[in-house]
Amino acid sequence: MVDDARARKPLLPPRASAGGSGGGGRRMMRKWALKLGTSILLWTVIMQLTSSLHPRLTKSWPAGCFDHRGRRNATNSVLDLGRSPPSPPAIVPRRVYKSNGYLLVSCNGGLNQMRAAICDMVTVARYLNLTLVVPELDKTSFWADPSDFRDIFNVNHFINSLRDEVKIIRKLPDKFSRKISDKSGRKFRRQIFSMPPVSWSSEKYYLRQILPIVRRHKVIHFDKTDARLANNGLPIELQKLRCRVNYEALKFTPQIEALGDKLISILRRRGFFVVLHLRYEMDMLSFSGCTHGCSDEETEELTRMRYAYPWWKEKEIISEQKRLEGLCPLTPEEISLVLQALGFTRDTQIYIASGEIYGGERRLAALRAAYPKIVRKEMLLSPDELRPFQNHSTKMAALDYLVSVAGDVFIPSYDGNMAKVVEGHRRFSGFRKTILLDKRELVKLLDLLKDGKLSWNQFSSAVQEVHKNRMGQPAIRKVIPEWPKEEDYFYANPQECLAPLKESRH
């Protein structure tokens with residue numbers, strides 16, 4: 001990482017007083033000032049050259065959201081409403097560095113997969129001394145959301161809040177899109193070098209493999225960005241920057257944040273509320289192959305959909321086997337039993353954070369019968385308020401994200417990207433209660449209850465025992481070097497950005 005080399009004006013000595021020795025004194029002062037200025041200039045040039053040749057980390061970088069003990073500063077912690085803190089009154093000073101080239105990124109996946117990817121790409125750009133172009137969001141996935149970055153995130157805040165770390169521009173300079181001539185005089189459009197980085201890579205991969213490519217081509221385009229930076233083993237400064245981007249720089253647009261605030265205010269006026277991330281949408285069931293509780297017609301429909309999307313690589317799936325392994329989202333009927341077993345009473349207010357539930361109200365009947373105070377954003381906001389969000393699944397997901405971070409309790413029915421990123425944000429916000437369901441154990445218990453081999457009291461006691469240490473308490477990430485996909489996700493538990501473990505226990 002590069003040390004910041006900011007040009008400073010040399011301090012001029014005081015003027016010599018008038019008198020016989022004034023001329024000699026002034027000459028000496030000018031010589032002194034010239035030597036001082038030359039030394040500073042040479043030092044600045046040397047530092048710039050050294051840093052651009054070999055990026056390195058500075059010991060004190062970045063310290064904006066952490067105190068001297070590595071804990072979050074109170075003034076920079078996330079607001080109770082689950083939003084990023086407001087923009088500082090003054091723009092942070094710009095970091096001066098010699099850029100090694102431009103980084104273009106095309107994010108893939110849903111909102112939270114893209115959110116984590118943006119944090120990683122900012123970190124890579126900072127480490128390699130690159131100029132980052134505002135990331136492009138996925139418009140070709142299942143959701144087909146046409147939203148651009150500026151439609152979801154506050155782009156001005158994103159650029160300005162990180163200017164002391166990395167230069168971010170809205171578009172690539174025109175010179176890279178203009179046609180150029182070859183030796184024969186024929187004109188052609190410059191081809192931008194495009195590639196997907198290797199998944200779960202360390203900073204050394206980017207330094208040794210990617211930086212030489214950028215220097216050769218001047219511009220590099222990453223066409224895949226999901227999980228391209230390792231969970232563990234990175235310098236602490238890089239881990240803290242990932243947090244800074246996630247919890248400070250990535251604010252939603254004022255429109256999204258205002259509507260999210262309204263949702264949270266309505267829910268809080270009504271009292272305690274649980275956010276249930278009920279991941280039981282059609283795309284989730286089709287992708288995972290989980291059809292437990294579905295009719296034969298529904299199973300056929302989900303299977304046809306899975307084969308229709310070529311980027312969903314797994315086609316032949318044995319649903320019951322995946323369910324027994326804990327790899328399927330719990331059904332609404334199963335969730336109803338689990339919530340009751342955990343002790344949530346009938347009058348509990350439950351906000352469902354999800355897209356359209358597969359099977360509609362029919363599949364929600366058992367859950368609604370057990371918990372009549374179930375609400376969704378469509379029930380709390382008017383059609384006029386939601387009209388700008390219709391057919392924009394990423395905007396809708398942003399509203400659910402804000403409510404999920406702010407809820408008194410957060411319970412995901414499936415450990416996908418939203419569940420993990422929200423879990424980490426709630427840890428960062430003060431270890432807010434997040435119940436991480438052990439689906440492998442729950443499936444066993446649910447089947448025993450269904451078969452009459454467990455009484456209700458036995459079932460309830462067993463469910464509570466399984467989850468007593470799965471409430472989002474402080475914990476150390478599980479590290480599996482050979483299988484990074486199986487280890488704990490950095491954004492689910494950004495321990496480097498949290499209070500030391502021993503200080504967080506009550």
Side-chain angles (χ1 to χ4, degrees), residues 82 112 231-232 272-280 288 290 322-332 334-345 348 350-354 367 371 404-449 454 456-480 483 485-495 497-506:
N112 294 284
N231 291 313
N232 302 290
F272 177 94
F273 72 98
V274 173
V275 178
L276 174 62
H277 182 42
L278 188 57
R279 195 70 169 94
Y280 205 76
S288 64
C290 297
K322 288 196 73 171
R323 177 177 176 269
L324 292 174
E325 293 172 353
L327 300 177
C328 287
L330 296 178
T331 68
E334 291 171 333
I335 279 288
S336 173
L337 295 172
V338 171
L339 291 177
Q340 294 174 72
L342 287 169
F344 291 102
T345 57
T348 302
I350 298 178
Y351 176 91
I352 294 183
S354 74
L367 184 58
Y371 294 97
S404 297
V405 174
D408 294 293
V409 181
F410 175 66
I411 306 175
S413 67
Y414 182 77
D415 52 352
N417 288 297
M418 178 169 174
K420 292 174 181 177
V421 176
V422 169
E423 176 194 347
H425 203 148
R426 290 175 65 85
R427 287 178 183 273
F428 186 84
S429 300
F431 295 100
R432 310 185 76 160
K433 191 171 186 178
T434 301
I435 302 179
L436 306 171
L437 300 178
D438 187 334
K439 295 187 294 301
R440 183 193 290 265
E441 290 300 317
L442 283 175
V443 164
K444 294 177 187 176
L445 294 172
L446 286 162
D447 288 348
L448 289 172
L449 178 69
L454 282 181
W456 174 258
N457 287 339
Q458 289 172 322
F459 173 74
S460 180
S461 297
V463 169
Q464 292 182 35
E465 178 65 24
V466 166
H467 293 93
K468 67 181 182 182
N469 293 319
R470 298 176 66 89
M471 300 286 179
Q473 302 100 323
I476 299 296
R477 280 198 310 272
K478 178 176 66 177
V479 179
I480 310 175
W483 301 98
K485 192 175 181 179
E486 305 301 320
E487 65 186 10
D488 290 344
Y489 189 40
F490 171 80
Y491 292 102
N493 183 11
Q495 63 193 34
C497 309
L498 309 177
L501 193 59
K502 63 182 179 180
E503 295 184 14
S504 301
R505 293 196 177 105
H506 298 291

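Position 1 is the first residue of the sequence; numbering continues from there.
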Practice item. Return the set of residues passing side chain to side chain contact (heavy atoms under 4.5 Å, CB included) with S354 (not counting sequence neighbours), or none when no residue passes. Key: E281, I352, I357, R376
Practice item. Please name all residues satisfying side chain to side chain contact (heavy atoms under 4.5 Å, CB included) with D438, sequence neighbours left out, ordered by chain then number. Key: R440, E441, V466, H467, R470
Review point. Hey, what do you get for CG (L454) to OG (S460), rounding to the nearest 0.5 Å?
Key: 11.0 Å
Point to revise | D488: partners by salt bridge (Lys or Arg N to Asp or Glu O under 4.0 Å), with sequence neighbours left out | key: none
Review point. Which pair of non-hydrogen atoms, one from Y414 and one from A419, has the smallest distance, and what is that distance?
Key: O-CB, 3.3 Å
Check your understanding: Do any pairs count as a salt bridge (charged side-chain N to carboxylate O under 4.0 Å, His left out) and have a residue in residues 457-468, sequence neighbours left out, and if so which ones?
Key -> E465-K468
Point to revise | Those residues that, when tested against Y371, pass ring pair (Phe, Tyr, Trp, His ring centres under 6.0 Å) (two or more places apart) | key: none
Practice item. Determine whether E334 and L442 make a side-chain contact, defined as any pair of heavy atoms from C-beta on separated by less than 4.5 Å. Key: no
Exercise for review: Determine the interplanar angle of the F428 and H425 rings, folded into 0 to 90°, and report it as parallel if under 30°, tilted if 30 to 60°, perpendicular if over 60°.
Suggested key: perpendicular
Point to revise | 4.5 Å side-chain heavy-atom contact, L367 and L339 | key: yes
**Study point:** I350 and F344: CA distance, side-chain angles, deciding distance, side chain to side chain contact (heavy atoms under 4.5 Å, CB included) verdict
**Key:** CA-CA 10 Å; I350 298 178; F344 291 102; 5.9 Å; no
Check your understanding: In chain order, what residues pass the side chain to side chain contact (heavy atoms under 4.5 Å, CB included) check against I480, with sequence neighbours excluded?
Key -> K478, E482, W483, E486, E487
Point to revise | side chain to side chain contact (heavy atoms under 4.5 Å, CB included) partners for S288, two or more places apart | key: M284, C290, K322, P329
Practice item. Measure the CG-OG distance between L276 and S404 for me, rounded to the nearest 0.5 Å. Key: 9.5 Å
Review point. Is a side-chain N or O of S461 found less than 3.5 angstrom from the main chain of Q458, in a donor-acceptor match?
Key: no
**Study point:** Audit row: L324, D447, side chain to side chain contact (heavy atoms under 4.5 Å, CB included) steps and yes/no
**Key:** CA-CA 10 Å; L324 292 174; D447 288 348; 4.2 Å; yes
Check your understanding: Partners of N417 by side-chain hydrogen bond (donor to acceptor under 3.5 Å, both in side chains), sequence neighbours excluded?
Key -> Q113
Practice item. In sequence, state the C-alpha distance, the side-chain angles, and the governing distance for H277 and R279, and then conclude on side chain to side chain contact (heavy atoms under 4.5 Å, CB included). Key: CA-CA 6 Å; H277 182 42; R279 195 70 169 94; 3.7 Å; yes
**Study point:** Gap between atom CZ of F410 and atom CD1 of I435 - 0.5 Å precision
**Key:** 11.0 Å
Exercise for review: Drop me the distance from L498's CG to R427's CZ, to the nearest 0.5 angstrom.
Suggested key: 7.5 Å
Review point. Just wondering, do W456 and L449 contact through their side chains at under 4.5 Å, heavy atoms?
Key: yes
Exercise for review: Taking R477 for its side chain and N231 for its backbone only, find out whether a donor-acceptor pair lies under 3.5 Å.
Suggested key: yes
Review point. Residues two or more places apart in sequence or in another chain: which of them pass salt bridge (Lys or Arg N to Asp or Glu O under 4.0 Å) with R426?
Key: none
Check your understanding: Which distance, rounded to the nearest 0.5 Å, do you find between the OG of S413 and the CG of L330?
Key -> 6.0 Å
**Study point:** L446 vs F459 side-chain heavy atoms within contact, under 4.5 Å
**Key:** yes
Point to revise | Y280 and T331: CA distance, side-chain angles, deciding distance, side chain to side chain contact (heavy atoms under 4.5 Å, CB included) verdict | key: CA-CA 7 Å; Y280 205 76; T331 68; 3.9 Å; yes
Exercise for review: Output every pair passing salt bridge (charged side-chain N to carboxylate O under 4.0 Å, His left out) with a member in residues 412-421, not counting sequence neighbours, ordered by first then second residue.
Suggested key: D415-K439
Exercise for review: Please identify each residue that fulfils side-chain hydrogen bond (donor to acceptor under 3.5 Å, both in side chains) with D408, with sequence neighbours left out.
Suggested key: none
Point to revise | Any P412 side-chain heavy atom under 4.5 Å of L437 side chain | key: no
**Study point:** Rounded distance [0.5 Å steps], OG1 in T434 versus CD1 in I411
**Key:** 9.5 Å
**Study point:** Which residues share a ring pair (Phe, Tyr, Trp, His ring centres under 6.0 Å) with Y489, sequence neighbours left out
**Key:** Y491
Exercise for review: Over all heavy atoms of both residues, which pair between E423 and L436 is shortest? Give the atoms and the distance, please.
Suggested key: OE2-CD1, 3.5 Å
Check your understanding: So do the side chains of V275 and V409 get within less than 4.5 Å of each other, counting heavy atoms only?
Key -> no
